[in-house]
Amino acid sequence: MQKNLVIVESPAKAKTIGKFLGEDYKVLSSYGHIRDLKKKSISIDYEHDFQPTYEVPTDKRSVVNELKKEAKDSDMVWLASDEDREGEAISWHLYEVLGLTPENSKRIVFHEITKSAILNAIQHPRQIDINLVNAQQARRILDRIVGFELSPVLWRKVKPSLSAGRVQSVCVRLIVEREREVINFKPQTFYRVYATFTLSDLKGQQSEIKADLNHRFDTPDEAQAFLEECKNAKFYISSITKKPVKRYPAPPFTTSTLQQEAARKLGFSVSKTMLVAQQLYELGQITYMRTDSVNLSQFALDSSKDEIIKTMGEKYSHSRQYNTTSKGAQEAHEAIRPTNLNVHETTGDSDFRRLYDLIWKRTVASQMTEASVDRTIVNINIENDRENHFIAAGEVIVFDGFLRLYKESFDDDAVDQEDEVGLLPPMEKGQVLQYKKIQAAERYTQHPPRYSEASLVHKLEELGIGRPSTYAPTISTIQQRQYIEKESREGKENEFSIFHLTNGEITKELKKEMVGAEKLKLIPTDVGIVVNDFLTQYFPDIMDYNFTATVEKEFDEIAEGDKKWTSILQDFYSKFHPEVVSTTEIKFEHKVGERILGKDPVSGRQVSVKIGRFGPIAQIGKAEEDEKPKFSSLRKNQSIETITIEEVLELFKLPRTIGIFESLPVVVNIGRFGPYVHHGSLFISIPKGYDPMDIDMEQAQALILAKREVERKKYIKSFDDEPELQVLNGRYGPYISYKGNNYKIPATQKPEDLTLELCYELIKTQGEKPEKVRKTQKKRDKATEAAKAHTVRKSAKNGAAAKKAAAKKAAAKKL
DNA sequence: CAGTGAGCGAGCTTCCGCTTGACTT
């Protein structure tokens with residue numbers, strides 16, 4: 001019988017700690033929470049002080065059973081989950097589920113995983129802090145109430161299977177509001193003036209300086225007038241100011257800052273960063289990757305100091321401890337850093353190496369001396385012009401310090417392309433300059449940038465919404481619900497004018513540039529916009545950007561023992577629930593989010609757009625009229641909010657019957673996967689370059705015949721003895737199809753010469769794959785729908801349940 | 001890949017935070 005059982009949250013942590021503690025200690029992991037509110041029902045008893053009903057989820061049963069067994073075999077159980085609200089609750093649930101007592105259990109905490117920290121923790125045990133636990137229960141139950149009361153309102157008023165929650169709904173709101181700012185933005189033009197001057201020093205050496213005007217002009221006339229004035233003006237240096245400036249390194253990484261920098265410097269998505277970081281953590285190469293703390297352990301401070309002195313010298317070392325400033329931080333862990341700072345690089349694939357390199361550099365740089373820069377500002381006056389002057393800036397790095405290793409990136413780096421400033425030639429006050437050229441270029445003010453995944457995380461953290469463990473999952477949830485999409489937009493070509501002044505002559509040039517290109521930005525869908533507007537109108541408190549911060553304050557009061565958790569919930573629920581009831585009872589004249597655009601000039605029937613079962617649709621006519629309404633999906637790039645009646649009427653020009661071929665109609669339409677020609681049982685995608693609005697019979701016939709040819713060529717060979725095996729011609733050349741799986745044919749083998757035996761051999765050498773059951777069309781439809789509704793994980797686990805639901809749906813559909 | 005679209009049915013969907021593997025729909 002072992003003496004001690006220590007339970008931590010993460011298995012990697014358990015492994016490390018196990019090494020520090022001797023034979024008398026067994027260290028196991030709870031794998032996070034082991035108990036939660038029951039999954040299906042709301043599981044809160046409103047009649048009895050919000051009494052929750054907890055259950056051990058199925059995927060935690062085996063963990064719990066093992067812990068139970070080990071606990072029974074131990075003299076003492078040490079509950080060593082993290083020291084924050086969630087961690088305290090994990091310990092409490094363990095205490096309850098494992099049937100522990102104050103005599104056979106102790107609660108311990110540590111912030112860094114070192115032998116001394118853990119031994120010290122064991123010397124100073126305490127009991128479970130029930131106030132902190134209650135704060136967690138309040139948080140959990142409030143989130144359940146919000147999610148499970150609000151989502152059904154959306155099912156009734158907007159569309160089934162939608163969701164709402166304290167975090168996700170506000171997240172969508174940020175993106176919707178930013179999109180509106182972008183749409184409503186009216187770019188303004190202005191003229192920016194910049195010049196190149198020449199000056200000669202005492203020895204007659206010529207050099208050049210670039211300088212910007214301190215003023216922008218609103219119109220081309222003003223810009224031109226200014227250049228006119230410069231033609232014969234005298235330019236001289238009116239002042240030279242030198243100022244030493246210091247630059248300080250950024251603090252070590254938290255989850256949020258790591259996600260942002262990995263996106264900017266490595267182009268990683270938020271989830272990719274977390275995936276790679278998780279692997280580095282499991283290999284013991286970095287500390288825990290879900291943290292909001294910038295704190296470094298004494299060990300990390302000491303070893304980075306050693307490392308810096310050893311590789312760069314004493315003057316580069318400057319130890320610092322940073323303070324966490326982000327809202328709602330709980331600081332149960334250290335900052336993200338390499339576990340051993342003397343390991344400068346890691347092995348593995350390039351993603352691995354690059355992320356490790358980033359973390360190593362950021363950590364070490366944070367412990368390095370600040371950089372010293374001499375900054376020079378030169379004012380160049382224009383004689384007889386007291387309002388305008390040119391400014392030239394120069395910078396010399398006197399001591400590079402941390403910049404030797406690492407420089408933080410910022411989101412607008414790409415915008416400030418003229419950011420580089422270099423060395424200025426020697427000059428003195430009063431010196432007269434000659435202009436070489438002066439240019440006034442037309443520029444446009446830019447709309448605020450759409451959010452990227454990383455900049456959204458930054459904003460969420462700033463508002464104190466969400467936690468390090470939820471940033472990545474939240475972004476994928478709102479994508480799965482199809483509230484937002486990640487999209488890239490190509491830039492548009494834009495013409496602008498530049499006036500040049502050279503040799504006393506002004507010329508005008510028209511130039512083209514690409515503007516407005518955006519890479520993988522977050523854009524709301526129609527569903528996202530409609531849901532957001534609905535929630536913002538009827539539940540403004542929940543949708544308030546400060547809602548989380550406000551309730552967090554109350555949770556803190558519970559944790560401090562100043563307030564009762566049930567009365568906080570009572571206050572909230574007594575206000576919130578009636579709002580849910582009254583909103584549910586509203587009989588809307590139109591469907592939520594519906595826009596009436598006017599009347600169809602041909603039939604006189606009403607034209608409207610709204611959210612349909614499969615997304616946004618346009619409709620002519622009303623359901624209650626005798627004649628059935630006509631429907632058409634909106635095109636990609638069209639939105640309920642901005643579409644015009646003309647555009648809607650255009651949609652109904654399809655489907656278009658363009659003629660008869662072989663006594664069957666040829667119909668052109670646009671479906672979910674783009675434009676297609678429909679003839680008999682054949683559907684043919686219309687290739688790019690053709691316009692479905694004016695494709696003619698000749699072109700359509702060609703497409704039909706070409707498709708037939710492909711179909712004909714598709715079958716190279718089949719065998720009477722084995723109807724399930726075929727040799728086919730596909731997009732990538734010939735292949736073998738067998739029981740729903742495909743197998744390659746080596747280039748040396750002529751497909752026509754294949755025998756059944758040869759095919760079997762090829763299948764065997766490539767490893768026969770398990771038979772795939774070919775589903776019917778309808779079933780597959782339902783399966784994808786079900787998969788969309790579930791998260792990837794859930795659908796994997798509940799495969800059988802999903803199938804059952806799908807079958808039911810399919811059955812319902814037939815009736 | 002699949003080319004859909006309003007009510008007499010049946011019963012489903014949903015939250016946030018803590019943690020990792022095990023899947024073939």
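So that the names make sense, note that chain A is the first sequence line, chain B the second, and so on, each numbered from 1.
Counting non-hydrogen atoms under 4.0 angstrom, A/Ile670 reaches nothing in the nucleic acid. As judged by a 4.0 angstrom heavy-atom cut-off over every strand, A/Gly621 is placed among residues making no nucleic acid contact. Residue-level contact check: A/Pro11 touches the backbone only, with heavy atoms under 4.0 Å from sugar-phosphate atoms and none from bases. Using a 4.0 Å heavy-atom distance criterion, A/Ala89 is classed as making no nucleic acid contact. A/Gly165 comes within contact range of the sugar-phosphate backbone alone, with a heavy-atom separation under 4.0 Å but no base atom that close. Among the heavy atoms of the strands lying under 4.0 Å from A/Gly466 are primed sugar atoms or P, OP1, OP2 only; no base atom is included. Among the protein residues, A/Lys159 comes within range of no part of the nucleic acid, since none of its heavy atoms lies under 4.0 Å from any strand.
Between the side chains of A/Asp82 and A/His333, a donor-acceptor pair is found at a separation under 3.5 Å.
Between A/Glu55 and A/Lys40 there is no salt bridge, since no side-chain N of the basic residue sits under 4.0 Å from a carboxylate O of the acidic one. Looking at A/Asp36 and A/Lys60, no side-chain N of the basic residue comes within less than 4.0 Å of a carboxylate O on the acidic one, giving no salt bridge. Using a cut-off of 4.0 Å between Lys/Arg side-chain N and Asp/Glu carboxylate O, A/Glu627 and A/Arg605 are scored as salt-bridged.
Geometrically, A/Arg166 does not engage A/Phe547 in a cation-pi contact defined by less than 6.0 Å to the ring centre and at most 45° from the axis. Both tests pass for A/Arg144 against the ring of A/Phe148: distance under 6.0 Å to the centre and angle within 45° of the axis.
Across B/dT14, B/dT19, B/dT13, the shortest atom-to-atom separation from the side chain of A/Ser10 is found for B/dT19. With B/dT20, B/dA6, B/dT14 as the choices, the nucleotide that has an atom nearest any side-chain atom of A/Trp155 turns out to be B/dT14. Side chain of A/Ser685, nearest nucleotide from B/dA6, B/dG17, B/dG3: B/dG3. Taking every side-chain heavy atom of A/Asp143 into account, B/dC16 is the closest of B/dT13, B/dC18, B/dC16. The listed nucleotides are B/dA6, B/dT19, B/dG17; the one nearest the side chain of A/Val167 is B/dG17. In this structure, of B/dT4, B/dC15, B/dT20, it is B/dT4 that holds the atom nearest to the side chain of A/Phe614. Side-chain atoms of A/Glu9 lie closest to B/dC18 of the nucleotides B/dT20, B/dT13, B/dC18. Of the candidate nucleotides B/dG3, B/dT19, B/dA6, B/dA6 has the atom nearest to the side chain of A/Lys610. Distances were taken from every side-chain heavy atom of A/Gln168 (C-beta onward) to each of B/dC15, B/dA6, B/dT20; the shortest belongs to B/dC15.
For the OP1/OP2 pair of B/dC15 and a distance below 4.0 Å, the side-chain nitrogens and oxygens of A/Ser151 include no atom meeting the criterion. Remark: A/Arg481 is in phosphate contact with B/dC15, judged by side-chain N or O atoms under 4.0 Å from OP1 or OP2. Distances shown here put a side-chain N or O of A/Arg467 below 4.0 Å from the OP1 or OP2 atom of B/dC18. Applying the 4.0 Å criterion to OP1 and OP2 of B/dC15, one finds that A/Arg139 has every side-chain N and O outside that range. For B/dG17, the OP1/OP2 oxygens have no side-chain nitrogen or oxygen of A/Tyr471 closer than 4.0 Å. In terms of phosphate contacts, A/Arg290 brings no side-chain nitrogen or oxygen within less than 4.0 Å of OP1 or OP2 of B/dG17.
Between A/Arg61 atom CZ and B/dA22 atom P there is a gap of 18 Å when expressed in whole angstrom units. Note: NZ (A/Lys13) to P (B/dT19) measures 8 Å, nearest angstrom. A/Ile611 has its CD1 atom 16 Å from the P atom of B/dA6, to the nearest Å. Rounded to whole Å, atom P of B/dC16 lies 11 Å from atom CG of A/Leu142. Rounded to a whole Å, the CZ atom of A/Phe547 is 12 Å from the C1' atom of B/dC16. Distance A/Phe539 CZ to B/dC15 C1': 15 Å, rounded to the nearest Å. Here B/dT13 presents its P atom at 18 Å from CD of A/Gln482, a figure rounded to the nearest Å. The distance from atom NE2 of A/His33 to atom P of B/dT20 is 13 Å, rounded to the nearest whole Å.
Using a 4.5 Å heavy-atom threshold, the side chains of A/Arg467 and A/Gln330 count as touching. Inter-residue side-chain proximity for A/His33 and A/Gln136 is flagged as met; some heavy-atom pair is nearer than 4.5 Å.
Closest-nucleotide positions on DNA chain B for A/Leu37 and A/Ile34 were compared, and the one nearer the 5' end corresponds to A/Leu37.
In this structure, A/Phe148 packs face-to-face on the six-membered ring of B/dT14, meeting both the 5.5 Å centre cutoff and the 30° plane limit.
In this model, no side-chain donor or acceptor of A/Arg144 finds a partner on the base of B/dC16 within 3.5 Å. At a cut-off of 3.5 angstrom, the base of B/dT14 holds no donor-acceptor pair with the side chain of A/Ser163.
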